[in-house]
Amino acid sequence: MYRPPLTHHATSSSSGRQPSFEGPPLVPLLAEIPVFVVPAKLDMIEVVSQIEALGGVRALRPEEAVMVITALRGRPRLARVLGDAVDTVAVLRAEFVADAYELAKRAVGDEIPPSLPKWDEYRVPLRRRTASVEPVTPTTPPASIHPVHAGTKRSPPKSPDSPPSKRIKTVSPRTPRISHGTEPATDDAPASPNLDLDTDVTLYPEDIRLRDIPRLAIERPSPLKCPNQDILEAIKSIYLEREYGELAQLNTNVLSYRRSMAILKSVPRRIRSGEEARKLVDVGAKVANRIDEYLKTGQIAEAEEIKASSRFQALRLFSSVWSVGHSTAAALWREGCRDLEDVRLYFLRTDPAPQLEEDDSGWGHGYEWDRATAREERAKNRRRENGKMTREEVVGAWLGLKDELDRPIPRDEVQEIGDIVAEHLDALAPGCSQTITGGYRRGKETTSDVDVVFRPPFGQHENETGALIDALRRRLLRFGIITHVLQLSERETGTPLHHGGGNFDNLDKAFVILRLPGKGRLHRRVDLICSPPSRYAAAVLSWSGSMMFERDLRRWCEDRGYKFRAGLVEIATNREINLDSEREIFRFLGLRYVPPELRNADV
DNA sequence: ACTCATAGC
DNA sequence: GCTA
DNA sequence: GAGT
Ligand SMILES: [Mg+2]
Ligand SMILES: [Mg+2]
């Protein structure tokens with residue numbers, strides 16, 4: 001549905017609203033939406049000027065538009081003007097523009113911008129000749145590439161991840177319905193829990209034998225909190241600290257610790273000794289000793305030392321900054337940095353902003369300095385909006401917002417952020433689907449960021465993920481909602497995705513900082529991920545985590561001759577296997593479905 | 001002795 | 001090396 | 001650091 005705009009305004013306006021010559025700037029309700037106006041029976045000048053005042057992009061041909069504005073009525077006449085586009089664009093009465101314009105004018109000065117009027121209500125009725133598929137409604141999934149081993153699909157999935165219904169449909173997070181205690185998990189064959197693929201993974205009965213708990217997190221339940229949580233927390237700092245070490249050896253030890261922690265998380269009862277814990281795969285002598293020390297003394301000496309050390313605290317603080325990881329944090333410490341101000345100054349010294357080409361046209365005049373700095377400013381804003389900030393700029397911006405970015409995001413607000421994304425996607429391309437993934441989907445009460453996976457509506461443009469996320473990003477920038485773009489990435493794998501052809505100079509991830517409109521809002525980290533429909537289920541699975549769950553999913557796949565990237569790929573044939581829901585992916589892989597709230601394999 | 005998830009910037 |  |  002979405003068409004990349006033909007023309008781009010020189011939009012260096014740093015924060016939000018579009019400047020306008022007459023009166024105050026309007027809310028850019030049409031930002032990034034290509035609009036075609038049928039030049040008949042309406043006041044072109046007025047309509048076009050209103051569209052432009054609203055930030056709309058004029059499409060020069062109807063097939064490049066998302067909306068067509070017209071005073072004409074009746075299918076035959078419109079088909080004559082619009083050609084085939086009559087079935088692929090939204091054909092709206094001119095009142096739509098007038099109403100949007102009024103709405104934007106009335107809202108000048110308001111803190112919270114209005115939403116674009118629902119365009120469905122302005123559609124020009126167009127009776128179809130044949131009863132065929134509605135172009136903009138996602139009710140009919142296209143024939144998708146089916147699994148090679150279609151025979152493994154025995155019974156239909158109970159509830160697909162997203163029954164298509166609303167225009168923007170959101171896969172609602174499950175309310176953590178974690179059943180505690182004993183439950184008939186798998187009839188009475190706990191030793192082979194994979195036999196019955198039709199039952200979802202649930203918490204283990206308290207009397208499960210530890211050696212029966214399987215090796216990979218994708219085969220077992222990992223609740224948010226487990227009965228041995230305090231033990232895990234006590235051990236945690238030991239491997240966190242090792243991540244800052246230079247020896248690669250220590251880093252692989254970290255993986256080993258993480259696996260131990262992950263499997264301990266699946267244990268449904270209190271562990272009574274290291275020896276008992278050793279029955280678990282991936283818990284060995286070292287971790288067993290740690291557990292014994294904790295159970296005996298109530299703490300672990302080495303861990304306490306680490307937590308108390310100023311080096312560890314500084315390293316944690318440094319690496320909490322985006323773009324600063326373990327290695328850089330350790331290097332900063334070695335360079336003598338002891339607090340974040342040191343870090344800021346360090347990058348100021350070592351990572352100066354790129355110098356612009358010297359513009360020698362204006363030398364000798366008093367304006368030269370002003371013009372140079374203004375140019376600098378614009379270049380900087382361009383970097384900020386396009387994921388091209390220098391490290392110094394990222395660190396500077398992050399430190400300026402750190403107090404806000406460090407604050408946990410409550411579920412309600414995560415939902416609000418999802419709603420804003422949905423609203424703007426709907427303005428750009430009605431019929432998108434989206435899922436809030438990440439920790440939110442796994443049931444966490446608060447999260448450190450928000451991950452939103454979305455896809456274009458089915459149809460002609462369903463693979464144009466780059467154009468869609470690009471438009472979304474620009475629109476949210478125009479509204480002043482996105483404040484910083486930390487990084488843009490192209491689509492999630494270089495593998496075929498055969499049909500659709502050459503249109504893949506595409507961006508499909510945007511890591512941003514945003515702030516919702518209105519008073520009292522905080523800056524938040526948000527990851528926007530756009531996937532083509534054929535990979536949507538895989539993208540949701542990939543972005544739901546947890547980290548250890550994802551790693552184990554990939555190990556399982558590899559063992560069976562598949563690669564799990566942003567989709568399943570059969571190694572032997574290099575063929576992509578696209579499935580329509582998470583459930584189908586689990587089933588295809590011979591796994592019972594693990595509900596998101598039991599994928600919390602990280603400590 | 002070898003493996004440990006994977007990909008884009 | 002950093003991000004997810 | 002643990003499993004193969
Ligand atoms: Mg960091
Ligand atoms: Mg997240």
Side-chain angles (χ1 to χ4, degrees), chain A residues 211 214-218 235 238-239 242-264 277-290 318-332 386-391 394-395 398 437-439 447-453 466 485-495 504 506-512 525-529 531 535 538-559 562-569 571 601-602:
Chain A
R211 65 163 196 271
R215 184 172 72 104
L216 302 178
I218 49 173
I235 296 176
I238 293 176
Y239 64 86
R242 293 189 184 193
E243 289 191 313
Y244 297 97
E246 277 149 287
L247 291 83
Q249 174 66 30
L250 291 181
N251 255 316
T252 58
N253 293 351
V254 172
L255 174 58
S256 204
Y257 270 98
R258 287 211 148 99
R259 287 181 182 164
S260 297
M261 302 298 104
I263 197 164
L264 280 160
R278 275 209 66 170
K279 298 187 195 310
L280 294 160
V281 193
D282 278 333
V283 176
K286 303 290 186 81
V287 171
N289 284 339
R290 307 287 193 189
F318 297 172
S319 57
S320 72
V321 175
W322 207 88
S323 82
V324 178
H326 301 123
S327 173
T328 307
L332 288 166
N386 294 290
K388 297 233 161 36
M389 283 188 281
T390 66
R391 179 124 90 159
V394 171
V395 170
W398 191 275
T437 57
T447 63
S448 56
D449 64 11
V450 181
D451 305 292
V452 185
V453 177
V485 177
L486 297 168
Q487 187 181 116
L488 298 177
S489 317
E490 296 189 350
R491 61 186 243 285
E492 293 185 295
T493 165
T495 39
F504 286 128
N506 276 336
L507 302 178
D508 71 2
K509 282 186 292 200
F511 299 162
V512 307
R525 268 281 295 116
V526 177
D527 295 333
L528 302 170
I529 300 96
S531 150
R535 291 181 184 163
V540 168
L541 178 53
S542 295
W543 282 83
S544 290
S546 60
M547 177 183 70
M548 290 309 292
F549 187 90
E550 299 295 336
R551 293 169 86 155
D552 284 352
L553 173 63
R554 285 156 177 78
R555 283 207 283 164
W556 174 275
C557 290
E558 181 101 66
D559 290 348
Y562 300 96
K563 281 264 180 223
F564 191 85
R565 310 202 230 265
L568 258 188
V569 178
I571 294 172
D602 297 345

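In the text below, chain A, chain B and the rest are named by the order of the sequence lines, each starting its count at 1. Basis for what follows: all heavy atoms, side chains included, without hydrogens, waters or symmetry-related copies.
Checked against D/dA2, B/dC9, C/dA4, the side chain of A/Ser260 finds its nearest nucleotide in D/dA2. Candidate nucleotides D/dG1, C/dA4, C/dG1 were compared by shortest atom distance to the side chain of A/Thr328, and C/dG1 ranks first. Considering only the side chain of A/Ser327, C/dG1 comes nearest among D/dG1, B/dA5, C/dG1. Closest to the side chain of A/Ser489, from the set D/dG1, B/dG8, D/dG3, is B/dG8. Which of C/dT3, D/dA2, B/dA5 sits closest to the side chain of A/Val287 comes down to D/dA2. Here the nucleotide nearest the side chain of A/Tyr257, chosen from D/dG1, B/dT6, C/dT3, is D/dG1. Looking at the side chain of A/Asn253, the nearest of the listed nucleotides C/dT3, D/dG1, B/dT6 is D/dG1. Checking B/dC4, D/dG3, C/dA4 against the side-chain heavy atoms of A/Trp322 singles out C/dA4 as nearest. Comparing B/dA5, B/dG8, C/dA4 by their nearest atom to the side chain of A/Trp543 picks out C/dA4.
Nucleic acid contact class of A/Asp527 (heavy atoms, under 4.0 Å, all strands): sugar-phosphate only. Residue contacts for A/Thr252: at a heavy-atom cut-off of 4.0 Å it reaches a base atom on one of the strands shown. Among the protein residues, A/Val321 comes within range of the sugar-phosphate backbone only, with heavy atoms under 4.0 Å from sugar or phosphate atoms but none that close to a base. A/Arg258 comes within 4.0 angstrom of nothing in the nucleic acid, heavy atoms only. Using a 4.0 Å heavy-atom distance criterion, A/Asp552 is classed as making no nucleic acid contact. A/Arg215 comes within 4.0 angstrom of nothing in the nucleic acid, heavy atoms only. Nucleic acid contact class of A/Val254 (heavy atoms, under 4.0 Å, all strands): none.
The interatomic distance linking A/Trp398 (CH2) with C/dT3 (C1') rounds to 11 Å, in whole Å. The distance from atom CZ of A/Phe564 to atom P of B/dT6 is 11 Å, rounded to the nearest whole Å. Rounded to a whole Å, the CG atom of A/Asn251 is 15 Å from the C1' atom of B/dA5. We find that CD of A/Gln249 is positioned 13 Å from C1' of B/dT3, with the value rounded to whole Å. In this structure, the CZ atom of A/Arg259 is 12 Å from the P atom of D/dA2, given to the nearest Å. Regarding A/Leu488, its CG atom lies at a distance of 15 Å from the P atom of B/dG8, rounded to whole Å. Atoms CG (A/Asn289) and P (D/dG1) sit 10 Å apart, rounded to a whole Å. Atom C1' of nucleotide C/dA4 and atom CZ of A/Arg565 are separated by 17 Å, given to the nearest angstrom.
Summarising the geometry of A/Lys509 relative to A/Ile529, their closest heavy-atom pair is CG-CG1, 4.1 Å, with the distance given to 0.1 Å. The minimum heavy-atom distance linking A/Gln249 with A/Thr252 is given by the pair O-OG1, 2.8 Å. Across A/Ala538 and A/Phe564, no two heavy atoms sit closer than the pair O-CZ, 3.8 Å.
Nucleotides B/dA5 and C/dT3 are separated by 14 Å at their C1' atoms, to the nearest Å.
A salt bridge links A/Asp559 to A/Arg215: one of the charged nitrogens lies within less than 4.0 Å of a carboxylate oxygen. The pair A/Arg554-A/Glu550 meets the salt-bridge criterion, since a charged nitrogen lies less than 4.0 angstrom from a carboxylate oxygen.
The phosphate of B/dA5 (OP1 or OP2) has no side-chain N or O of A/Arg554 nearer than 4.0 angstrom. Side-chain nitrogen and oxygen atoms of A/Lys563 include at least one within less than 4.0 Å of the OP1 or OP2 phosphate oxygen of B/dT6. Residue A/Trp556 has no polar side-chain atom (N or O) positioned under 4.0 Å from OP1 or OP2 of B/dA5.
Just one residue in the list A/Val287, A/Val254, A/Asn253 forms a side chain to side chain contact (heavy atoms under 4.5 Å, CB included) with A/Tyr239, and that residue is A/Val254.
Nearer the 5' end of DNA chain B, as judged by each residue's closest nucleotide, is the contact made by A/Leu255, out of A/Leu255 and A/Gln487.
In this structure, A/Arg242 and A/Asn251 have side chains that are not in contact, with every pair of non-hydrogen atoms separated by 4.5 Å or more.
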